[in-house]
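First the structure, in the form of structure tokens, and then the observations on it.
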There are 2 protein chains.
Amino acid sequence: MKQPTICPKFEKAISLLSQRWSALVIYQLLSGSQRFSEIQSAIGISGKVLSDRLKDLEHQGVVKREVIPETPVIIEYSLTEKGRSLESVLREIESWSQLWVKTEA
Amino acid sequence: MKQPTICPKFEKAISLLSQRWSALVIYQLLSGSQRFSEIQSAIGISGKVLSDRLKDLEHQGVVKREVIPETPVIIEYSLTEKGRSLESVLREIESWSQLWVKTEA
DNA sequence: TATACTTACTTACATAAAGTAACTAACATT
DNA sequence: AATGTTAGTTACTTTATGTAAGTAAGTATA
């Protein structure tokens with residue numbers, strides 16, 4: 001079963017953003033370029049999945065990976081222009097969440 | 001590992017929207033209330049997963065389920081106010097996708 | 001010199017989520 | 001009684017994610 005009447009670009013965007021962790025990784029990188037372990041501890045993702053996601057996002061042109069030959073080597077991840085352009089989407093989600101999401105407590 | 005420094009409301013919103021299919025179901029319901037099988041064929045989701053998602057979304061107060069005692073019985077799904085308020089998020093994603101997503105072809 | 005330490009991963013294995021197809025309940029029609 | 005319809009559910013397979021230990025490349029420490 002697969003006869004979507006939905007715009008393929010929109011579908012692709014949705015599948016990018018609803019890949020688990022991807023939106024959080026992008027959100028995290030909105031505050032500037034960061035290293036693997038910084039992202040990992042900021043959002044609480046496993047190394048394996050973070051590694052997968054960063055590769056995905058790099059292939060989709062959302063994230064850029066840069067090797068800085070310091071000692072020890074530093075690998076910095078940052079957003080491309082395409083990635084930064086998702087800020088408006090994430091800000092929308094952020095403000096929606098403040099209005100509508102209740103934290104049970 | 002789990003020490004997120006991220007706002008819990010935002011995280012919850014992200015986890016709602018990055019549940020696979022949820023955003024597409026909500027998007028589909030933006031065009032008006034619909035029956036199970038309509039949603040199913042519009043977005044190409046299996047009955048099992050659609051059933052799960054609709055229950056989830058109902059519990060989160062995003063979707064409303066209404067039984068209309070016609071013959072045969074009609075079950076209509078629609079967005080609540082909370083659900084409709086996600087329109088801005090989905091429109092952002094939609095316009096982002098038009099600018100940035102390339103369909104390979 | 002050997003051992004330990006760091007970062008950025010990868011591998012192996014376990015669990016959870018999603019896909020597929022067949023099946024069911026509650027009717028109504030033929 | 002047999003068939004059809006809608007809105008699901010069930011059993012089973014495949015895929016994705018989580019967890020923990022391991023690795024490579026290089027530096028620092030004993």
Side-chain angles (χ1 to χ4, degrees), chain A residues 1-4 6 11-12 14-29 32-60 62-79, chain B residues 1-4 6 11-12 14-29 32-60 62-79:
Chain A
M1 180 191 306
K2 269 274 154 173
Q3 77 281 57
I6 286 179
E11 261 209 304
K12 206 172 167 191
I14 287 288
S15 87
L16 188 154
L17 289 168
S18 57
Q19 185 80 313
R20 190 151 18 176
W21 297 109
S22 289
L24 279 181
V25 169
I26 296 166
Y27 180 78
Q28 183 62 25
L29 289 175
S33 67
Q34 281 162 71
R35 305 172 67 170
F36 193 92
S37 54
E38 290 179 271
I39 303 171
Q40 203 179 347
S41 60
I43 66 179
I45 187 180
S46 75
K48 180 201 161 194
V49 179
L50 179 54
S51 172
D52 286 354
R53 281 310 164 271
L54 288 170
K55 275 177 204 156
D56 265 20
L57 291 171
E58 207 189 336
H59 286 140
Q60 310 221 261
V62 167
V63 160
K64 187 175 48 155
R65 180 183 193 269
E66 225 175 329
V67 178
I68 298 171
E70 307 249 325
T71 174
V73 71
I74 290 177
I75 296 183
E76 285 229 320
Y77 292 94
S78 57
L79 295 176
Chain B
M1 178 190 307
K2 269 273 152 173
Q3 77 279 59
I6 286 178
E11 261 209 304
K12 206 172 165 190
I14 287 287
S15 87
L16 187 155
L17 289 168
S18 58
Q19 184 80 313
R20 190 152 18 175
W21 297 108
S22 288
L24 279 182
V25 169
I26 295 166
Y27 180 79
Q28 184 61 25
L29 289 175
S33 69
Q34 281 162 71
R35 306 171 68 169
F36 192 92
S37 54
E38 289 179 272
I39 303 171
Q40 203 180 346
S41 60
I43 66 180
I45 186 180
S46 74
K48 178 201 163 195
V49 178
L50 180 54
S51 172
D52 286 355
R53 281 308 164 273
L54 288 170
K55 276 178 202 156
D56 264 22
L57 292 171
E58 206 189 338
H59 287 141
Q60 310 221 261
V62 168
V63 160
K64 188 175 47 154
R65 180 183 192 269
E66 226 176 330
V67 179
I68 298 170
E70 307 249 326
T71 177
V73 71
I74 289 178
I75 297 183
E76 285 229 321
Y77 292 95
S78 56
L79 296 176

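Order of the sequence lines sets the chain letters (A, B, ...), proteins ahead of strands, with each chain counted from 1. None of the values given here were measured: they were computed from a predicted structure.
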**Message:** Given dC9(C), dG19(C), dG8(D), identify the nucleotide with an atom nearest to the side chain of I75(A).
**Reply:** dC9(C)

**Prompt:** Does the side chain of L54(B) reach to within under 4.5 Å of the side chain of R65(B), using non-hydrogen atoms?
**Reply:** no

**Request:** Find the distance between CG (D52(B)) and CD (Q19(B)) and round it off to the nearest 0.5 Å.
**Result:** 9.0 Å

**Request:** Examine dG18(D): is either OP1 or OP2 under 4.0 Å from a nitrogen or oxygen in the side chain of W21(A)? Give yes or no.
**Result:** yes

**Message:** Expressed as a whole number of angstroms, how long is the span from Q40(B):CD to dT20(C):P?
**Reply:** 11 Å

**Asked** Of the nucleotides dC9(C), dA7(D), dG8(D), which has the atom closest to the S51(A) side chain?
**Response** dC9(C)

**Fill in**
When rounded to whole Å, the CD1 to C1' distance for the pair I74(A) and dC9(C) reads 16 Å

**Message:** So if I take every side-chain heavy atom of K55(B) and compare against dA8(C), dT9(D), dT17(D), which nucleotide ends up nearest?
**Reply:** dT9(D)

**Message:** Measuring to OP1 and OP2 of dA16(D), would you say a side-chain N or O of R20(A) lies under 4.0 angstrom away?
**Reply:** no

**Request:** For dG8(D), take OP1 and OP2 only and decide whether either is under 4.0 Å from a side-chain N or O of Y77(B).
**Result:** yes

**Asked** Just to confirm, is there a sub-4.0 Å distance from OP1 or OP2 of dT6(D) to any side-chain nitrogen or oxygen of R35(B)?
**Response** no

**Item:** K64(A) NZ: over 12 foreign heavy atoms closer than 6.0 Å
**Value:** no

**Asked** Do S41(A) side-chain atoms and S37(A) backbone N/O form a donor-acceptor pair below 3.5 Å?
**Response** yes

**Asked** Of the nucleotides dT19(D), dT9(D), dC9(C), which has the atom closest to the R65(A) side chain?
**Response** dC9(C)

**Asked** Nearest-Å distance, CD (Q34(B)) to P (dA7(D))?
**Response** 12 Å

**Prompt:** Would you say the base of dG8(D) and the side-chain of K48(B) have a donor-acceptor pair closer than 3.5 Å?
**Reply:** no

**Request:** With the side chain counted from C-beta on, respond yes when W21(B) and S18(A) share a heavy-atom pair under 4.5 Å apart, and no when they do not.
**Result:** no

**Request:** Please tell me which of the listed nucleotides, dA18(C), dT17(D), dG8(D), lies nearest to the side chain of Q19(B)?
**Result:** dA18(C)

**Message:** Can you identify which nucleotide, out of dA7(D), dA18(C), dA8(C), has its nearest atom closest to the F36(A) side chain?
**Reply:** dA8(C)

**For atom CG of L24(A) and atom P of dT17(D), their distance in whole Å** = 13 Å

**Asked** Quick one: is dT7(C) close enough that its OP1 or OP2 comes under 4.0 Å of any side-chain N or O from S37(A)?
**Response** no

